Amino acid sequence: MAEIVRMPKMSDTMTEGVIAKWHKKVGDAVKSGELMAEIETDKATMDYESYHSGTVLYLGAQEKGTVRVNDVLAIVGKPGEDFKGLLNAAASGTTGGEAPKPEAAKAEAATPAGPAIDTSKIKAEIVLMPKMSDTMTEGVIAAWHKKIGDAVKSGELLAEVETDKATMEYESYNTGTLLYVGAEKGKAVKVNDVLAIIGEKDADWKTLLAAHQQKNSAGASAPVAPAPVQAVSAPAPAPAPVAASAPAATANGRVKASPLAKRLAKEKGIDLNRVTGSGDHGRITKRDIENFKPGAAGAGYVAPRIVAQESFEEVPVSQMRKTIARRLSESMFTAPHFYLTMEINMDKAVEVRKSINEVSPVKISFNDIVLKAVAAALRQHPDVNVSWLGEKIRKNHHIHIGVAVAVKDGLVVPVVRFADNKSLPHIATEVKELAQKAQDKKLQPSDWEGSTFTISNLGMFGIEEFTAIINPPDACILAVGGIKETPVVKNGTIVPGNVMKVTLSCDHRAVDGAVGAAFLKTLKTLLEDPIRFLVQLS
């Protein structure tokens, strides 16, 4: 929903602000906390950070134009949203799309509020909790940077406020003495409730606060509870000036700098850690960046100014990607996954593959060997070769192994049927043909339907170990990593060895941990001694 951004009162005497510069234009996306504009008040040019997230739909003035305090500075909402009704309501002085009903106006007028309290001679102002994010209803005081009795200048850091999205810095728009704070550190203040009162040292802030509460309670259905009264303590001795060499960082290492100073430093390639801040508690200001001379901070590398532009491209989601997202989301958030990882010594498998490829009519890959071993292990462990069907578990007597294949638009899983009955050359030929059909987008439903177990192999990409999401209705999927030469212990001696890690993802509704572990143990035995399952070569 679109929201009006009003011109804030950035100084105690400000009645209007001049737009020195817009950092956003109509149609731009803006995030809460981003610099939206630079506004020239009667005292200084100050940064205005957005408290809203959305798209800029309307700007209240062009650059160098004037906007009065509380008039419409901008409107932020959803792209294409109709904001004219909101703008007309603002122009007519109402807050919604329709004027208040006469009955409501009479009732409000009849509500006894007591005699109005005269605050015309009180030289102090109430600071309300601003809305710092589009969903913020209250802010928690993360830290006060001023205490009661301290002098406050416009632009100085007054507090850090934790919203529902982030902890943000609140810079004072007022100059004077901090007379009252609405909440201690760690306490919450609702949006538009009293955050603080700033004014002349001896100003009658209690009367001002009472008048504010009276005004708010006049139109409320229930009286507002009086805020806790805090007496003005004697001003503390002024802190010693910050030494010229002092870093502008807090105890946790975070550099204190205004948003505009941060942006200018980034544009000029200046390291903020090398800049001495002249503001409150060493805070770095725009003037510090403009006056910074690299040589004055000691010898060192000065990063060059980088001129670049953010850009992106939004690509429509293909039907394949939609299907992948839907199926895998259903699997991940429906099936309770658990994972079993095992290391397998592939020394003998490496030797066997080399020997087979000397006589095989087609080249055999390690993935073909793993697939054949998995088929043999599934024959010994039929409780892993199952499908979860909701109200029942299907125990498959046939072994159809799906092989995950990456294609341009996503991932497909063609199926090698009756894999336990096929020789290695047969498996190698079929996998190559299915992979090519997948790349050419010529797979038919009969090519990808009916798997009882799935293998996903990323070893060829240098991946050592990973976990895979189960391909429903299968109950398990095996993630296969690459073969890595690593030191292993044989007969009490450390020697080079070829090790491969595999991880079995199991659906705990259908397969228990001991069942999955037993399957992996058999698979390990077969791959570490391939002659146990390589009985068919043609």
Side-chain angles (χ1 to χ4, degrees), residues 344-380 385 396 398-408 410-464 466 468 471 474 477-485 498-502 522-538:
I344 300 174
N345 189 310
M346 296 290 285
D347 285 347
K348 288 187 178 180
V350 171
E351 294 174 3
V352 166
R353 175 176 178 264
K354 182 178 179 182
S355 299
I356 291 176
N357 278 335
E358 290 177 357
V359 297
S360 175
V362 295
K363 185 177 180 181
I364 307 299
S365 69
F366 284 112
N367 194 62
D368 300 329
I369 294 174
V370 170
L371 193 152
K372 179 65 176 175
V374 165
L378 287 173
R379 179 58 62 201
Q380 297 184 44
N385 192 45
N396 301 294
H398 56 279
I399 296 175
H400 293 348
I401 298 182
V403 182
V405 176
V407 294
K408 181 180 178 182
L411 189 73
V412 292
V413 187
V415 179
V416 178
R417 300 178 186 278
F418 307 106
D420 56 324
N421 294 330
K422 295 177 178 177
S423 66
L424 269 176
H426 190 164
I427 289 172
T429 300
E430 189 170 337
V431 169
K432 286 181 176 65
E433 289 176 352
L434 288 170
Q436 189 59 53
K437 288 173 70 175
Q439 297 294 340
D440 296 338
K441 297 185 178 181
K442 293 182 179 179
L443 286 176
Q444 299 300 309
S446 59
D447 293 324
W448 69 67
E449 292 176 345
S451 67
T452 62
F453 188 96
T454 303
I455 295 174
S456 180
N457 191 338
L458 293 177
M460 67 286 292
F461 298 107
I463 302 299
E464 296 180 15
F466 69 104
N471 179 35
D474 297 356
I477 184 172
L478 186 72
V480 182
I483 298 174
K484 181 181 179 181
E485 190 171 16
N498 295 286
V499 174
M500 179 179 74
K501 288 185 179 181
V502 297
T522 298
L523 179 64
K524 175 181 174 74
T525 300
L526 293 173
L527 286 172
E528 290 186 346
D529 191 8
I531 199 65
R532 293 174 180 269
F533 67 92
L534 295 180
V535 293
Q536 287 181 283
L537 295 179
S538 61

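Just so you know, these numbers come straight off a predicted model, no measurement behind them. Heavy-atom basis, side chains included; hydrogens, waters and symmetry copies ignored.
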### Query
Hey, mind stepping through I455 and V374 against side-chain contact (heavy atoms from CB on, under 4.5 Å) and telling me if it holds?
CA-CA 9 Å; I455 295 174; V374 165; 3.9 Å; yes

Smallest separation among heavy atoms of [X] and [Y], with atom names:
| X | Y | value |
| --- | --- | --- |
| A376 | F533 | CB-CB, 4.0 Å |
| A375 | I399 | O-CD1, 3.4 Å |
| F466 | V480 | CE2-O, 3.4 Å |
| V407 | A438 | CG1-O, 3.6 Å |
| G481 | N457 | O-OD1, 4.4 Å |
| I364 | A428 | CD1-CB, 3.7 Å |

Are more than 12 heavy atoms, taken from residues, nucleotides or ligands other than [X], located less than 6.0 Å from that residue's [atom1] atom?
| X | atom1 | value |
| --- | --- | --- |
| Q380 | CD | yes |
| K484 | NZ | no |
| K432 | NZ | yes |

Rounded to the nearest 0.5 Å, what's the gap from [atom1] on [X] to [atom2] on [Y]? Could you check?
| X | Y | atom1 | atom2 | result |
| --- | --- | --- | --- | --- |
| N421 | I427 | CG | CD1 | 9.5 Å |
| I477 | I401 | CD1 | CD1 | 12.0 Å |
| R417 | E430 | CZ | CD | 9.0 Å |
| M460 | I483 | CE | CD1 | 10.5 Å |
| K501 | I344 | NZ | CD1 | 12.0 Å |
| H400 | D420 | NE2 | CG | 9.5 Å |

Decide yes or no for [X] and [Y]: does some side-chain heavy atom of the first lie under 4.5 Å from some side-chain heavy atom of the second?
| X | Y | result |
| --- | --- | --- |
| L527 | K348 | no |
| L371 | V403 | yes |
| V352 | I531 | no |
| I369 | R353 | yes |
| T454 | L478 | no |
| R532 | D529 | yes |
| L434 | V431 | no |
| D347 | E528 | no |

### Query
Listed by chain and number, what are the side-chain contact (heavy atoms from CB on, under 4.5 Å) partners of T429, not counting sequence neighbours?
V362, E433

### Query
Distance only, no hydrogens: is a donor on one side chain within 3.5 Å (strictly under) of an acceptor on the other, for N385 and N396?
no

### Task
Please lay out, stage by stage, how N357 and S360 fare under the test side-chain hydrogen bond (donor to acceptor under 3.5 Å, both in side chains).
CA-CA 5 Å; N357 278 335; S360 175; 5.0 Å; no

### Message
Under the ring-ring contact (aromatic ring centres under 6.0 Å, His included) definition, can you give me all pairs with a residue in residues 425-458, not counting sequence neighbours?
### Response
F453-F519

#### Entry: Flag, side chain of D440 to backbone of K437, donor-acceptor distance under 3.5 Å
no

### Query
Within the side chain of Q439, is there an N or O that forms a donor-acceptor pair under 3.5 Å with the backbone of A406?
yes

